[in-house]
Amino acid sequence: PYGEADETPHQVTLTKPFSIGVYQVTNAQWKRVMGNVPSNWQDDDRPVEQVSWQDAVDFCTKLSASPAERKAGRVYRLPTEAEWEYACRAGTTTNFSFGDDESWLGEHGWFDGNSDKQTHAVGQKTPNPWGLYDMHGNVLEWCSDWSDEYAKAAVSDPHGPSAASARVARGGNCISSAGRCRSAFRYGLEPSC
């Protein structure tokens, strides 16, 4: 309730199950699927960065089309903004999945206070209560939604507006302040970023 103007609390119900990665996609995973590593920091175990929204969508499409994933019946996509926040919060209602005190962020994520302005290997910090790593910091995570104001009333399975000028990215990154790594903080970025 004390967040930014575009973080208006409202009731959201998710009615469909979904899965989300335990770790951010690494350079090694990206290279296996896409054949290249676009990141500034190219160590295999660091999260991929320097990818646009369309790049992320293309990765999901190509991974889904691989023979092993098709045989297993798995289809990959970006999470909706509501799914991402649900996964990040992991049942909590505080500013971060670990509470309200941002002085604990260094135990849970890479941000401007501890990252030396660079990404770090995934999974090095304490995970959230559901075992998901790097939900606060390291690299921004694209969501499928276009960016817009939240609905004023309760909603089920929101997908954002049908069009806008920016896509939603969440989670903060290695150069974000602690406040920009909160569970509710929203970035609206051009899809080509």
Side-chain angles (χ1 to χ4, degrees), residues 12-91 97 108-110 115 118-147 156-160 162-163 166-174 181 183 186-187 189-193:
V12 175
T13 303
L14 298 176
T15 65
K16 300 170 187 155
F18 69 96
S19 297
I20 196 164
V22 171
Y23 304 102
Q24 294 172 326
V25 174
T26 65
N27 288 322
Q29 291 169 318
W30 186 273
K31 186 174 184 178
R32 242 186 333 272
V33 174
M34 303 301 283
N36 66 348
V37 177
S39 302
N40 287 326
W41 296 281
Q42 299 207 352
D43 302 339
D44 283 351
D45 57 356
R46 289 193 194 209
V48 69
E49 29 95 11
Q50 303 300 317
V51 297
S52 69
W53 180 87
Q54 189 61 56
D55 293 336
V57 169
D58 292 346
F59 172 83
C60 293
T61 301
K62 194 166 182 180
L63 179 59
S64 297
S66 72
E69 299 304 321
R70 288 178 55 135
K71 183 177 180 181
R74 290 188 285 260
V75 176
Y76 296 86
R77 64 173 174 82
L78 297 176
T80 66
E81 183 177 16
E83 290 169 337
W84 187 94
E85 187 167 332
Y86 177 77
C88 178
R89 288 187 176 282
S97 63
H108 299 267
W110 298 105
S115 69
Q118 61 179 301
T119 64
H120 291 267
V122 302
Q124 300 300 303
K125 295 295 185 175
T126 303
N128 76 7
W130 290 351
L132 304 176
Y133 291 84
D134 298 310
M135 297 300 286
H136 304 291
N138 217 4
V139 295
L140 284 169
E141 300 178 18
W142 285 113
C143 296
S144 61
D145 306 51
W146 287 103
S147 181
S156 291
D157 302 316
H159 288 275
S162 58
R167 290 284 186 175
V168 175
R170 300 292 294 264
N173 63 27
C174 61
C181 294
S183 300
R186 310 170 72 209
Y187 289 84
L189 301 173
E190 290 186 19
S192 60
C193 282

| said: For F18 and I20: C-alpha separation, side-chain torsions, deciding distance, then whether side-chain contact (heavy atoms from CB on, under 4.5 Å) applies. | reply: CA-CA 7 Å; F18 69 96; I20 196 164; 4.3 Å; yes
Can W110 and Q118 be said to form a side-chain contact (heavy atoms from CB on, under 4.5 Å), step by step?
CA-CA 9 Å; W110 298 105; Q118 61 179 301; over 6 Å; no
**Message:** Using the rule given for side-chain contact (heavy atoms from CB on, under 4.5 Å), can you reason through D157 versus L14, listing the C-alpha separation, both sets of side-chain angles and the distance that settles it, and then say yes or no?
**Reply:** CA-CA 5 Å; D157 302 316; L14 298 176; 4.0 Å; yes
M135 and E141: CA distance, side-chain angles, deciding distance, side-chain contact (heavy atoms from CB on, under 4.5 Å) verdict: CA-CA 9 Å; M135 297 300 286; E141 300 178 18; 4.3 Å; yes
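Put simply, the side chain of W142 does not reach to within 4.5 Å of the side chain of P191, judged on heavy atoms. Proximity of E49 to N40: side-chain heavy atoms (C-beta onward) are separated by under 4.5 Å at one or more points. In this structure, the side chains of L78 and V57 come closer than 4.5 Å at one or more pairs of heavy atoms. Contact annotation: the side chain of L140 approaches that of L189 to within less than 4.5 Å [non-hydrogen atoms, C-beta and beyond]. Side chains of N36 and W30 form a contact here, defined as non-hydrogen atoms less than 4.5 Å apart. V48 is listed as a side-chain neighbour of P38, based on a closest heavy-atom distance under 4.5 Å.
Once rounded to the nearest 0.5 Å, the distance linking CH2 of W84 with OG of S183 reads 6.5 Å. Going from atom CH2 of W53 over to atom SG of C143 covers 11.0 Å, rounded to the nearest 0.5 Å. Atoms CG and CD, from L132 and Q24 in turn, are 11.0 Å apart once rounded to the nearest 0.5 Å. The OH atom of Y187 lies 5.5 Å from the CG atom of N173; values are rounded to the nearest 0.5 Å.
When all heavy atoms of P158 and T13 are compared, the closest pair comes out as CD-O, 4.5 Å. Across every non-hydrogen atom of P129 and A90, the tightest pair is CD-CB, 3.7 Å. Smallest separation of non-hydrogen atoms from C88 and S97: O-CB, 3.3 Å.
In terms of modelled atom types and a separation under 3.5 Å, the side chain of N128 and the main chain of A87 share a donor-acceptor contact. Not one N or O on the side chain of D134 forms a donor-acceptor pair closer than 3.5 Å with the backbone of Y23. Under a 3.5 Å cut-off, the side chain of S52 and the backbone N or O of D55 do form a donor-acceptor pair.
Just one residue in the list R46, H120, Q124 forms a side-chain contact (heavy atoms from CB on, under 4.5 Å) with N138, and that residue is H120.
Within the structure, every pair that satisfies the side chain to side chain donor-acceptor pair (under 3.5 Å) test and touches residues 56-71, not counting sequence neighbours, is listed here: Q54-D58, E69-R74, E69-Y76. Listed by first and then second residue, the salt bridge (charged side-chain N to carboxylate O under 4.0 Å, His left out) pairs involving residues 80-91 are R77-E83, E81-R170, E81-R186, E85-R89, E85-R170 (not counting sequence neighbours).
Every residue was checked against the side chain to side chain donor-acceptor pair (under 3.5 Å) condition with D145, not counting sequence neighbours, and none meets it.
Around atom CD of E190, no more than 12 heavy atoms belonging to other residues, nucleotides or ligands sit under 6.0 Å away.
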